[in-house]
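What's counted below: heavy atoms across the whole structure, side chains too, no hydrogens, waters or symmetry copies.
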Amino acid sequence: MMTLLENLKWRYAAKKMNGQQVPQEKLDYILEAARYAPSSSGLQPYKIFVISDKKKLEVIREFSFNQSQITDCSHLLVWAAWDSYSADRVGDVFLKTSRERGLPDNTYEDYQKMLLGIYEPLGKEWQENRCAKQAYISFGLAIAAAAEQKVDATPMEGFDNVKLDEFLCLNELGLKSVVILPVGYRDEANDWLVNLKKWRTPKEEFLTFVN
């Protein structure tokens, strides 16, 4: 069985995909890894939209710099983060957490007030950015899980967020698209990147040990 490091060395950002479908059990594994990602205070201030309809993917490709992976992938995963924190949103998470743990409904009431007391004065833009950062943690684990399943995953920020938000009606849900991830299988015959050696910053340049 390959280790996490070996799987990360195997993966790369596929530039061409072959349209092959990812088996449901592998897709489920990737999505569960994303769902179980750590998030600050356990709030998970984001959702993942899973898109496989080819007509919808064709539309998304139009405002994603015509990147072929959008239409040649098996599924496109879209991370959409909260556009702000609110008492209703935070309270709903804590209420469900309390009930799942068999605790009184008001267990996290003081903690919730403390969090909102910190977040609200910082403004909507700060809140939106923080939620987006939380989404990236889930995004990273999905990429690692895909590598473990030998499924290719291509991280993308190259798309028109406003148009994607409109297309998926995210504004109505109080969400904003953050990052997208086509998952599928590499087209080895047509991907110029597939056989190029992976390069990363050498450890001695990348790491600084502070004693």
Side-chain angles (χ1 to χ4, degrees), residues 1-35 37 46-81 132-168 170 176-203 205-206:
M1 188 174 184
M2 293 180 71
T3 66
L4 174 61
L5 280 178
E6 288 170 332
N7 288 320
L8 292 177
K9 290 176 181 177
W10 168 85
R11 71 154 302 277
Y12 78 110
K15 302 305 179 187
K16 294 287 183 181
M17 291 186 173
N18 62 15
Q20 181 182 343
Q21 290 295 293
V22 174
Q24 189 63 46
E25 63 271 17
K26 290 181 177 287
L27 178 65
D28 290 343
Y29 185 92
I30 295 166
L31 294 172
E32 279 294 88
R35 188 171 72 92
Y46 49 84
K47 294 184 181 297
I48 300 173
F49 290 74
V50 183
I51 306 166
S52 58
D53 182 271
K54 293 303 179 183
K55 290 184 178 179
K56 289 183 173 63
L57 293 175
E58 287 172 3
V59 174
I60 294 172
R61 177 172 172 169
E62 292 176 4
F63 47 79
S64 300
F65 296 97
N66 197 37
Q67 295 178 87
S68 64
Q69 303 97 315
I70 301 291
T71 49
D72 294 337
C73 68
S74 172
H75 296 77
L76 179 68
L77 312 185
V78 178
W79 273 256
K133 290 176 181 178
Q134 295 297 304
Y136 270 96
I137 300 172
S138 169
F139 178 68
L141 285 182
I143 294 169
E148 186 178 21
Q149 295 298 307
K150 290 297 176 286
V151 171
D152 287 298
T154 304
M156 288 185 180
E157 291 181 313
F159 62 95
D160 188 319
N161 301 72
V162 173
K163 290 183 178 179
L164 184 57
D165 292 353
E166 291 175 352
F167 184 67
L168 297 178
L170 298 182
K176 288 185 175 293
S177 57
V178 175
V179 67
I180 62 178
L181 186 70
V183 295
Y185 295 98
R186 62 191 67 176
D187 180 355
E188 296 193 11
N190 296 296
D191 191 339
W192 61 269
L193 187 57
V194 65
N195 292 317
L196 295 183
K197 186 176 180 180
K198 183 185 286 287
W199 184 88
R200 290 293 186 269
T201 304
K203 286 188 290 186
E205 297 178 25
F206 185 71

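Residue K198 places its NZ atom among more than 12 non-hydrogen atoms of other residues, nucleotides or ligands, all under 6.0 Å distant. Counted within 6.0 Å of NZ on K54, heavy atoms from surrounding residues, nucleotides or ligands total more than 12; the atom is thus considered enclosed. No more than 12 heavy atoms of other residues, nucleotides or ligands sit less than 6.0 Å from atom NZ of K9.
Sorted by first then second residue, the salt bridge (Lys or Arg N to Asp or Glu O under 4.0 Å) pairs that include residues 179-194, not counting sequence neighbours, are D152-R186.
A 4.5 Å side-chain heavy-atom check between I60 and V78 finds every atom pair outside the cut-off. Residues F65 and M156 have side chains not in contact (no heavy-atom distance under 4.5 Å, counting atoms from C-beta outward). V183 is not listed as a side-chain neighbour of C73, based on a closest heavy-atom distance of 4.5 Å or more. Looking at heavy atoms from C-beta onward, K15 lies out of side-chain contact with N190 at the 4.5 angstrom threshold. Within the 4.5 Å cutoff, no side-chain heavy atoms of I180 are placed close to those of W79. Put simply, the side chain of S64 does not reach to within 4.5 Å of the side chain of D160, judged on heavy atoms. Counting only heavy atoms from C-beta outward, the side chains of I48 and S138 approach each other to under 4.5 Å. Put simply, the side chain of S74 does not reach to within 4.5 Å of the side chain of L27, judged on heavy atoms.
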Report task. Start with the C-alpha gap between L168 and I51, add the side-chain angles, then the distance that decides, and say whether side chain to side chain contact (heavy atoms under 4.5 Å, CB included) holds. Result -> CA-CA 10 Å; L168 297 178; I51 306 166; 3.9 Å; yes
Query raised in the report: Stepwise, does the side chain to side chain contact (heavy atoms under 4.5 Å, CB included) test hold for E148 with I30?
Result: CA-CA 9 Å; E148 186 178 21; I30 295 166; over 6 Å; no
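For V178, the side chain to side chain contact (heavy atoms under 4.5 Å, CB included) partners two or more places apart in sequence, or in a different chain, are A81, A132, Y136.
Closest approach of Y185 to K26, counting heavy atoms only: OH-CD, 3.9 Å. Nearest heavy-atom pair, Q134 versus Y46, reported as atom, atom and distance to 0.1 Å: O-CE2, 3.6 Å. Taking all atoms of both residues into account, the shortest heavy-atom contact from A14 to T154 is O-OG1, 2.8 Å. Considering all non-hydrogen atoms of both residues, A142 and L181 come closest at CB-CD2, 4.3 Å. A147 and R11 make their closest contact through CB-CB, 4.0 Å (heavy atoms, listed as atom of the first residue, atom of the second, distance).
A side-chain contact (heavy atoms from CB on, under 4.5 Å) with F49 is found for exactly one of L77, L170, L164, namely L170. Tested against T71 for a side-chain hydrogen bond (donor to acceptor under 3.5 Å, both in side chains), the candidates E58, R61, K56 yield a single pass: R61.
A salt bridge between K163 and E166 is absent, with no side-chain N of the basic residue lying under 4.0 Å from a carboxylate O of the acidic one.
Taken from NE2 in H75 to CG in L57, the straight-line distance is 9.5 Å, to the nearest 0.5 Å. Note that CD1 of I70 and CE of M17 are 9.0 Å apart. Values are rounded to the nearest 0.5 Å. The line from CZ of R35 to NZ of K47 is 12.0 Å long, rounded to the nearest 0.5 Å.
When atom types are taken as modelled, the side chain of E6 and the backbone of T3 share a donor-acceptor pair closer than 3.5 angstrom.
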